[in-house]
2 protein chains.
Amino acid sequence: MKQARHCFISESGELQARWQEAFPQALGLRLADPAPAGAGPTLLWLRLPQGRPVAPLLAELRRRLGNLPCIVLSDLPDDDQALACFAAAARAYCNTHAAPAYLRQVAEVVAQGGLWIGESLMNRLVDATSRVEVKSPSESGNSWAALLSPREQEVARAIAEGASNKEIARGLGITERTVKLHVGAVLEKLGVRDRLQVALIVSGVRQSQSA
Amino acid sequence: MKQARHCFISESGELQARWQEAFPQALGLRLADPAPAGAGPTLLWLRLPQGRPVAPLLAELRRRLGNLPCIVLSDLPDDDQALACFAAAARAYCNTHAAPAYLRQVAEVVAQGGLWIGESLMNRLVDATSRVEVKSPSESGNSWAALLSPREQEVARAIAEGASNKEIARGLGITERTVKLHVGAVLEKLGVRDRLQVALIVSGVRQSQSA
DNA sequence: AGGCCCCCTGTACTTCGGTACAGTTATTTT
DNA sequence: AAAATAACTGTACCGAAGTACAGGGGGCCT
């Protein structure tokens with residue numbers, strides 16, 4: 001892998017001491033500066049100004065400097081801001097005041113096509129997902145799961161991913177015949193006539209027709 | 001940071017040579033094995049069996065081994081599978097046959113709360129996002145309609161209601177054969193293999209796979 | 001012990017979905 | 001005038017989906 005050319009972008013254009021420590025040859029730019037002459041940067045670091053929407057900022061950066069991977073640094077990181085950054089195709093989100101070693105690792109990850117989310121947000125995502133899976137049999141509002149046996153729920157979820165009977169069979173280590181049995185049970189219990197409706201119900205688009 | 005205890009899970013339970021090279025002390029488990037006695041692992045690597053839905057696999061692993069960070073290895077990586085993995089709260093997705101150094105970096109990233117997405121998927125996400133910003137300030141995410149002719153849109157919407165070809169034909173006053181023609185065109189233009197995916201896309205659950 | 005539910009499998013059948021041939025008509029674009 | 005696009009129809013074929021018979025084993029409850 002080639003050496004990345006780092007470019008730090010902040011309101012004032014100054015380089016934080018730790019940034020310079022992490023990447024001695026990094027370039028510093030102000031938000032309004034034009035693209036630097038010569039060999040362009042290959043990796044952008046954007047220090048987020050306080051209280052501004054991130055999407056337009058990132059969009060403009062891309063327009064001016066090319067569609068480069070961009071790492072967002074926030075003085076006061078919070079999960080919602082992080083999500084906004086990733087929605088705007090940021091590649092990483094971390095604290096402005098992170099240690100140089102940390103910054104270097106983030107850079108390496110991003111340079112190799114990785115995404116740096118940070119622990120707080122990651123935990124939230126994992127929590128959300130596991131909670132859904134754990135508590136969905138009991139309630140979760142739409143109650144389709146409550147009508148189905150555990151095995152049938154697995155089948156229903158696979159259907160919602162678009163899996164064929166054969167794929168589900170391989171996935172669960174059973175025969176296609178048995179999958180058809182479960183599918184049939186799911187159809188009857190949810191009161192629908194085909195798997196497409198099952199997919200819509202599991203995806204939350206429709207409600208089950210059953211009592 | 002403490003040393004992570006790695007646990008590789010595959011169908012056969014064997015450790016690939018490069019896994020062992022990357023993590024000499026890693027534990028190998030089969031899919032069906034129970035949790036190992038003693039100090040449990042802190043990081044799971046799951047080698048994905050061919051053609052199986054991932055969500056149930058990951059859910060069951062979490063049930064059995066605890067809610068640990070999980071890295072998914074795929075013999076034939078593709079973007080859709082990767083998305084399914086992240087939807088199931090996987091922390092990383094990469095090629096089974098990746099080099100030891102690569103695996104070690106993935107592990108380090110995950111151990112520090114990062115997410116490893118891989119270049120292919122990342123490029124797609126970045127592309128998608130930048131395209132959205134460029135071409136649809138008005139409507140967002142509903143790009144499926146833009147790809148289809150008016151008639152095809154009608155058919156696509158009917159599909160999302162769960163209508164059969166025969167019903168669509170009666171509804172539009174045309175033959176079933178013609179409906180099939182339109183359905184075929186919709187499938188091709190949206191880049192999906194069956195009407196179920198069309199229903200999910202039109203319902204806003206999925207994005208179109210096409211350029 | 002009998003009844004109930006869950007999970008699993010097999011054979012055989014019908015219907016539906018999707019595609020591959022092969023066309024027609026009308027409108028628009030180049 | 002030719003080419004491209006949209007809409008439409010027909011026959012035919014294959015595989016997937018779903019159903020209808022037929023069973024098997026195990027666990028739980030009264």
Side-chain angles (χ1 to χ4, degrees), chain A residues 136-138 144-202 208-211, chain B residues 31-32 51-53 56-57 59-60 63-64 144-202 208-211:
Chain A
S136 60
S138 53
W144 61 267
L147 300 169
L148 307 179
S149 75
R151 207 54 160 170
E152 288 157 2
Q153 290 175 34
E154 290 187 273
V155 172
R157 269 186 281 262
I159 286 175
E161 286 187 31
S164 69
N165 286 341
K166 196 169 296 186
E167 287 168 340
I168 297 172
R170 302 195 44 188
L172 298 180
I174 57 182
T175 61
E176 190 178 347
R177 176 64 190 86
T178 307
V179 174
K180 286 185 175 185
L181 174 81
H182 292 311
V183 172
V186 170
L187 296 182
E188 190 184 359
K189 290 183 178 178
L190 296 185
V192 295
R193 69 175 178 195
D194 58 33
R195 58 174 46 219
L196 198 151
Q197 299 291 335
V198 174
L200 294 176
I201 289 172
V202 172
S208 162
Q209 306 308 124
S210 292
Chain B
L31 267 172
R52 296 174 56 167
L57 269 176
E60 196 189 334
R63 222 172 19 247
R64 287 217 323 268
W144 62 269
L147 299 169
L148 307 180
S149 74
R151 206 55 159 170
E152 287 158 3
Q153 289 177 32
E154 290 186 271
V155 172
R157 269 186 281 265
I159 287 175
E161 305 281 328
S164 69
N165 287 341
K166 197 169 297 187
E167 288 167 340
I168 297 173
R170 287 196 312 149
L172 298 180
I174 56 181
T175 60
E176 189 178 347
R177 175 64 190 86
T178 306
V179 173
K180 286 185 175 184
L181 174 81
H182 291 312
V183 171
V186 169
L187 295 181
E188 190 184 358
K189 289 184 177 178
L190 296 185
V192 297
R193 70 175 179 195
D194 58 33
R195 57 173 47 217
L196 198 150
Q197 298 294 333
V198 174
L200 294 176
I201 289 171
V202 172
S208 163
Q209 308 305 122
S210 289

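First the proteins, then the strands, lettered A, B, ... as listed; each starts at 1.
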task: Round to the nearest Å and state the distance from B:Lys180 atom NZ to C:dA22 atom C1'.
output: 16 Å
- line: Between CG of B:Asn165 and C1' of D:dT9 the distance, given in whole Å, is 15 Å
Euclidean distance, atom CG of residue B:Asp194 to atom P of C:dT19 [Å, nearest integer]: 9 Å
field: CG-CG distance between A:Leu200 and B:Leu200, expressed to the nearest 0.5 angstrom
entry: 6.0 Å
task: Start with the C-alpha gap between A:Val202 and A:Ile159, add the side-chain angles, then the distance that decides, and say whether side chain to side chain contact (heavy atoms under 4.5 Å, CB included) holds.
output: CA-CA 9 Å; A:Val202 172; A:Ile159 286 175; over 6 Å; no
Measure all distances between protein nitrogen or oxygen atoms and nitrogen or oxygen atoms of nucleotides 6-9 of chain C, and list the pairs falling under 3.5 Å.
residue: C:dC7; atom: OP1; partner: A:Arg151; partner atom: N; Å: 3.1
residue: C:dC7; atom: OP2; partner: A:Ser149; partner atom: OG; Å: 2.4
residue: C:dC8; atom: OP1; partner: A:Arg151; partner atom: NE; Å: 3.3
residue: C:dC8; atom: OP1; partner: A:Arg151; partner atom: NH2; Å: 2.8
residue: C:dC8; atom: OP2; partner: A:Arg151; partner atom: NE; Å: 3.0
residue: C:dC8; atom: OP2; partner: A:His182; partner atom: NE2; Å: 2.9
residue: C:dT9; atom: OP2; partner: A:Thr175; partner atom: N; Å: 2.8
residue: C:dT9; atom: OP2; partner: A:Thr175; partner atom: OG1; Å: 3.3
residue: C:dT9; atom: OP2; partner: A:Thr178; partner atom: OG1; Å: 3.0

message: Whether the side chain of B:Arg195 engages the backbone of B:Ala163 through a donor-acceptor N/O pair (distance < 3.5 Å, no angle test) should be reported.
response: yes
task: Whole angstrom is fine here: how far is it from CZ in A:Arg195 over to C1' in C:dG17?
output: 12 Å
- prompt: Rounded to the nearest Å, what distance is computed from the CD atom of residue B:Glu154 to the C1' atom of nucleotide D:dA7?
  reply: 12 Å
- prompt: Rounded to whole angstroms, how far apart are CD1 on B:Ile159 and C1' on C:dC16?
  reply: 13 Å
- prompt: Over its full length, what angle do the end axes of the helix from C:dA1-D:dT30 to C:dT30-D:dA1 make, each axis taken from five pairs and the result rounded to 10 degrees?
  reply: 40°
Partners meeting side chain to side chain donor-acceptor pair (under 3.5 Å) with A:Glu152 (sequence neighbours left out): A:Ser149, A:Lys189
- request: Could you walk me through whether A:Leu148 and A:Leu190 pass the side chain to side chain contact (heavy atoms under 4.5 Å, CB included) test, one step at a time?
  value: CA-CA 8 Å; A:Leu148 307 179; A:Leu190 296 185; 4.3 Å; yes
task: Specify the separation, in whole Å, of atom CZ of A:Arg193 and atom P of D:dT19.
output: 12 Å
- request: Taking the side chain as every heavy atom from C-beta outward, state whether B:Ile168 and B:His182 have any pair of such atoms under 4.5 Å apart.
  value: no
query: Are B:Arg157 and B:Glu154 within salt-bridge range, i.e. N to O under 4.0 Å?
result: no
task: Apply side chain to side chain contact (heavy atoms under 4.5 Å, CB included) to the pair A:Val183 and A:Val198, showing each step before the final yes or no.
output: CA-CA 9 Å; A:Val183 172; A:Val198 174; over 6 Å; no
- prompt: Is it true that a side-chain atom of B:Glu176 and a backbone atom of B:Ala169 form a donor plus acceptor pair closer than 3.5 Å?
  reply: no
statement: Atom CD of B:Glu188 and atom P of C:dT19 are separated, to the nearest Å, by 9 Å
